[in-house]
Number of protein chains: 2
Amino acid sequence: MKITAQEEYGLRCVLQLAREETQGTPGSTLLVRDIAEREGLSVAYVEKLLWTLSHSGIVESVRGPKGGYRLTRSCHEISLGEVMRVLGGIPSEEEICSQFTGNHDTCVHHDGCGLKPVWASITDFVHSVFDKVPISSLLNGTIDVRFVQITSRNSSKPPAPAGAAVQS
Amino acid sequence: MKITAQEEYGLRCVLQLAREETQGTPGSTLLVRDIAEREGLSVAYVEKLLWTLSHSGIVESVRGPKGGYRLTRSCHEISLGEVMRVLGGIPSEEEICSQFTGNHDTCVHHDGCGLKPVWASITDFVHSVFDKVPISSLLNGTIDVRFVQITSRNSSKPPAPAGAAVQS
DNA sequence: GTTAAACCTGACAAGTTTGTCAGGTAAATG
DNA sequence: CATTTACCTGACAAACTTGTCAGGTTTAAC
């Protein structure tokens, strides 16, 4: 259960833009160079991360001099879950058993596999928590995710919408 | 947020031993060769996984002919969290910020880092769920982790003990 | 003792992820 | 319209993870 580098650094970039949104003038942008400097990352790497984020609709770019990047929506309306899904390449329910490079072509557990529903429940659960955390709450010091209210959904849950279900 | 191959395959081996415990005679063991065959893994790989597990006290080996591996305790007393911690190399609280190979020697967030407590809370939270799932419950078909009772601990929580806190 | 069946171990090849590089294309200012 | 400042993109080197290999050592049965 690891957090990937892409998730870590991508989220940091988003948080820089969120800070700019709350502290700068409305619509102001941040240069890639500045984000890279503040995070100790290379310009090229930050560009790559922002490319992923912009193609998922979380951030947008303004070209030309005085250009830069900014969030597409208020940082109160963007959830941690939305950002993590974009950055992490969360495996879908179907991919859970096929993401492993074992030497068997078909999952030996395809019948009576007790593990697949476990993984599915875990990732689903983690995201239900993430979806309730707006990134704005990550700006000021500390948030304890354990205090997030968990809604214990029934098994007849509706499929989760692609967008985030942020609830302040 | 990824489940590593070691976690996946290591847990499968543990579940094979748990099944043997519930279905075989008391104290009976399972051959590495048989586990490998049932899971579609190589004998060498299963040996490596079991080595990790045995050095953490989750499984033990019986040498010689008629030897093999078995769990050290009943599968009702071993939690998913305990197995995952052994297999995943979960980073400790101090390592959370240093597990990334960025090009900065000191974490740029060392003062006022809003991310570290988030990662810490998330991993802590996930494990508090895992610790409540005995591996015996993974044997028969499906368990939905979402229905596990979450105890919302206070911030003045005692440090989590190394052993599992399984509660059936 | 001998043998056979099992576990133990370190080194290494293959594959994936991570981060960089070099060279593009687009837009606003003067 | 030239120039500067910025974003865009594909290919690739380095680092890490994954899984294998070859050869050990230990133990129980006969």
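Protein chains get the first letters and strands the later ones, always in sequence-line order, with residue 1 at the start of each.
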- Item | Length of the CG-P vector between A:L49 and D:dT9, whole Å | 15 Å
- Would you mind telling me which of D:dA6, C:dG19, D:dT4 lies closest to the side-chain atoms of A:R33? D:dA6
- Take A:V32 and B:V62, find for each the nucleotide of DNA chain D with the closest heavy atom, and name the residue whose nucleotide sits nearer the 5' end. A:V32
- Give a yes-or-no answer on whether the side chains of A:E82 and A:S79 include a donor-acceptor pair shorter than 3.5 Å. no
- Given atom CZ of A:R12 and atom P of C:dT18, what is their separation to the nearest angstrom? 14 Å
- Message: Taking the nucleotide of DNA chain D with the nearest heavy atom to each, does B:K48 or A:W51 sit closer to the 5' end?
- Response: A:W51
- Query: If you measure from the Lys or Arg side-chain nitrogens to the Asp or Glu carboxylate oxygens, is any gap between A:R33 and A:E37 under 4.0 Å?
  - Reply: no
- Short side-chain to backbone donor-acceptor contact, A:S56 and A:I58, under 3.5 Å: no
- Between P of D:dT17 and NZ of B:K2, the distance in whole Å: 12 Å
- Look at the side chain of A:S61 and decide which nucleotide, out of C:dT9, D:dT20, D:dC8, has an atom nearest to it. D:dC8
- N or O in side chain of B:H55 less than 4.0 angstrom from C:dT9 OP1/OP2: yes
- Write down the distance between OH (B:Y9) and C1' (D:dT17), rounded to a whole number of angstrom. 13 Å
- Counting side-chain heavy atoms from CB outward, which of C:dG19, D:dT9, C:dA6 is closest to A:Y45? C:dG19
- Task: Return the value, rounded to whole Å, for the distance between atom CZ of A:R70 and atom P of D:dC7.
- Result: 12 Å
- Item | Sidechain-backbone polar pair: A:T29 side chain, A:G67 backbone, donor-acceptor under 3.5 Å | yes
- Item | Closest to side chain of A:R63, choosing from C:dA4, D:dT26, C:dA27 | C:dA27
- Which one, C:dC8, D:dT20, C:dT18, comes nearest to the side chain of B:A44? D:dT20
- Task: Could you give me the CA-CA distance, side-chain angles and deciding distance for B:L50 and B:S61, then say whether side chain to side chain contact (heavy atoms under 4.5 Å, CB included) is met?
- Result: CA-CA 9 Å; B:L50 289 175; B:S61 63; over 6 Å; no
- Message: Given the structure, check if the side chain of A:E47 and the base of D:dC8 hold any donor-acceptor pair shorter than 3.5 Å.
- Response: yes
- Message: Measuring to OP1 and OP2 of C:dG19, would you say a side-chain N or O of A:S42 lies under 4.0 angstrom away?
- Response: no
- Task: Rounded to the nearest angstrom, tell me the gap between atom CG in B:L50 and atom C1' in C:dA6.
- Result: 13 Å
- Query: Hey, does the side chain of B:Y69 come within less than 4.0 Å of C:dC8's phosphate (OP1/OP2), counting only N and O?
  - Reply: yes
- Contact class for A:L31 vs. all strands (heavy atom < 4.0 Å): base, sugar-phosphate, or nothing? sugar-phosphate
- Message: Between P on C:dC21 and CG on A:L41, what's the gap in Å once rounded to a whole number?
- Response: 14 Å
- Note on the structure: In whole angstroms, the gap separating P of C:dG19 from CD of A:E39 amounts to 13 Å
